[in-house]
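These numbers come from a predicted model, not from an experiment. Just so you know, these numbers use all the heavy atoms, side chains as well, and skip hydrogens, waters and symmetry mates. Reminder, nothing fancy here: chain letters follow the sequence lines and each chain counts from 1.
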2 protein chains.
Amino acid sequence: MKLDPQDIEARFRRHAVRVTRQRAAIYAALVETTSHPSADDLYRLVKRQQPMMSRNTVYYTLGVLRNAGLIREVNVGHDMARYDGNVSLHHHLICLGCGQILDVLDEDLNRLQLSNGQARGFDVLRHRVEFHGYCVSCQQAERNVSPRRK
Amino acid sequence: MKLDPQDIEARFRRHAVRVTRQRAAIYAALVETTSHPSADDLYRLVKRQQPMMSRNTVYYTLGVLRNAGLIREVNVGHDMARYDGNVSLHHHLICLGCGQILDVLDEDLNRLQLSNGQARGFDVLRHRVEFHGYCVSCQQAERNVSPRRK
DNA sequence: TGCTATGTAGGAATCATTCCTGTCTAGCAA
DNA sequence: TTGCTAGACAGGAATGATTCCTACATAGCA
C-alpha cells in the first residue's frame with residue numbers, strides 16, 4: 001500500500017512517535033511491501049534514498065514503531081527477525097524452502113481461543129497461527145533436483 | 001516422562017541415530033522435563049553428570065535429534081531456540097513475562113487447515129498455534145509493581 | 001579385535017542485535 | 001523566529017547464541 005508523507009506523519013503523531021526523515025522512510029518501505037523484510041533488508045532498501053542511514057537507526061526505529069503498535073515483528077524459526085507493516089489481525093503462511101511469508105486472512109483463525117482449563121489462569125492477549133510448507137516454485141525446484149522431500 | 005536407558009537406545013536405533021553417552025543424557029533430560037529448555041539450559045543440566053560435556057556437543061546433538069524427528073525446536077520471538085522432547089502434535093501457551101511455555105493439547109487446533117484459495121499452491125506440511133499472555137505469577141507480580149500493563 | 005565413519009571437545013569465527021557515546025534535530029516555549 | 005532540551009542519529013565497539021574448524025576418541029560393523 002502506497003502512503004503519502006502526510007499520512008505517515010499523521011499516523012506517527014496519532015501514536016506519539018516523533019516524525020523524522022529516517023523513520024518515515026523505514027515505515028514507508030515496510031508498509032509498501034508485502035514481503036515481510038528483515039531489518040537488514042530495510043536497511044539496504046532505505047540506504048538507497050538516504051546513504052547516511054545507519055543500520056543502528058533501523059533497529060532503533062523498528063523498536064520504536066513496534067512499541068507504538070505501528071508495525072509487527074514476525075519470527076520464523078530463530079532466523080533474523082522480520083517485520084510486517086500490516087498490524088491488522090492476520091496469520092502467516094511460510095515457505096520452508098525460500099523463506100517467503102504470505103498473509104493469511106481468516107476470521108475463524110482470528111477467533112480461536114483456549115478453554116478455561118487449557119488457559120491455566122493465563123491472561124491470554126493474542127495468538128498466532130503459522131502454516132509451514134513449500135511454495136509452488138520451491139516444490140518445482142525440489143522436483144527437478146531430487147524426487148524425495150527431505 | 002522417565003525413560004530407561006534401553007528405551008532411549010531403542011528409540012535412537014529406530015531413528016538410525018548412533019547411541020552415545022552424551023546423546024542419551026541430552027535426550028533423557030529433554031524428555032524428562034516439560035519446561036522446554038534452551039540449548040544452554042540443557043548444557044548446564046547435563047554437565048552436572050558429565051563434566052566434560054561441551055556446549056558444542058549439545059548443539060550438534062540437538063541438530064541430530066531434530067533431524068531424526070526425535071525432538072522439536074520451539075521458537076519464541078527471536079530469543080534463543082528452545083527444545084521439546086514431546087514430538088506428538090500439540091501447540092503452546094507462552095508467558096510474555098517469564099518466558100515459560102506450556103503445552104496445549106487440542107484436537108480442534110490440530111485439525112486446522114487452509115482452504116485451497118488461502119493455500120495459494122503451497123504444499124502445507126504442518127501448522128503451529130501459539131497463545132501469548134501472562135501467567136498467574138506474572139499477573140500478580142505486575143499488579144504489585146504497577147497497576148498498568150505495558 | 002581392528003577399521004573407519006562419525007561423534008566429541010574446545011577454541012575460534014560468525015553475525016544479528018544491542019550498547020555506548022558524541023553529535024544533531026524535532027518540537028515546544030518564549 | 002529563535003533557543004532549548006529531550007530524544008534521535010551515526011558509527012563503532014560489544015554481546016551472545018550459534019556455527020565452524022580441527023585434532024582426538026569411539027560406536028558399531030566386518
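Across all their heavy atoms, A/H15 and A/G69 have their closest contact at CE1-O, 4.5 Å. Between A/I8 and A/A28, the shortest heavy-atom contact is CD1-CB, 3.7 Å. Heavy atoms only, all atoms of each residue included: A/R18 and A/R23 are closest at O-NH1, 3.1 Å. Of all non-hydrogen atoms in A/H127 and A/L109, the two that sit nearest each other are NE2-O, 2.7 Å.
Nucleotide D/dT19 holds its P atom 11 Å from the CG atom of B/N67, rounded to whole Å. Summarising the geometry, the separation between CZ on A/F12 and C1' on D/dG7 is reported as 15 Å, rounded to the nearest angstrom. Rounded to an integer number of Å, the gap from A/H78 NE2 to C/dC15 C1' is 13 Å. If you take CE of B/M80 and C1' of C/dC15, they are 18 Å apart, rounded to a whole angstrom. Atom OH in B/Y43 sits roughly 13 Å away from atom P in D/dA17 (whole-Å rounding).
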Nucleotide-resolved protein contact map, nucleotides 3-10 of chain C, B/S/- at heavy-atom distance under 4.0 Å: --BBSSBB
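Remark: the backbone N or O of B/D108 is paired with a side-chain donor or acceptor of B/D106 at under 3.5 angstrom.
Under 3.5 Å, the side chains of B/D41 and B/H36 contain no donor-acceptor pair of N or O atoms. Between A/N110 and A/H91, the side chains place a donor N or O and an acceptor N or O closer than 3.5 Å (distance only, hydrogens not considered).
Residues of residues 68-75 of chain B that place a heavy atom closer than 4.0 Å to DNA chain D do not occur.
Listed pair B/Y59 / D/dT19 fails the phosphate criterion, with no side-chain N or O lying under 4.0 Å from OP1 or OP2.
The side-chain contact (heavy atoms from CB on, under 4.5 Å) with B/L62 is formed by just one residue from the set B/T57, B/I26, B/L70, B/N67; it is B/I26.
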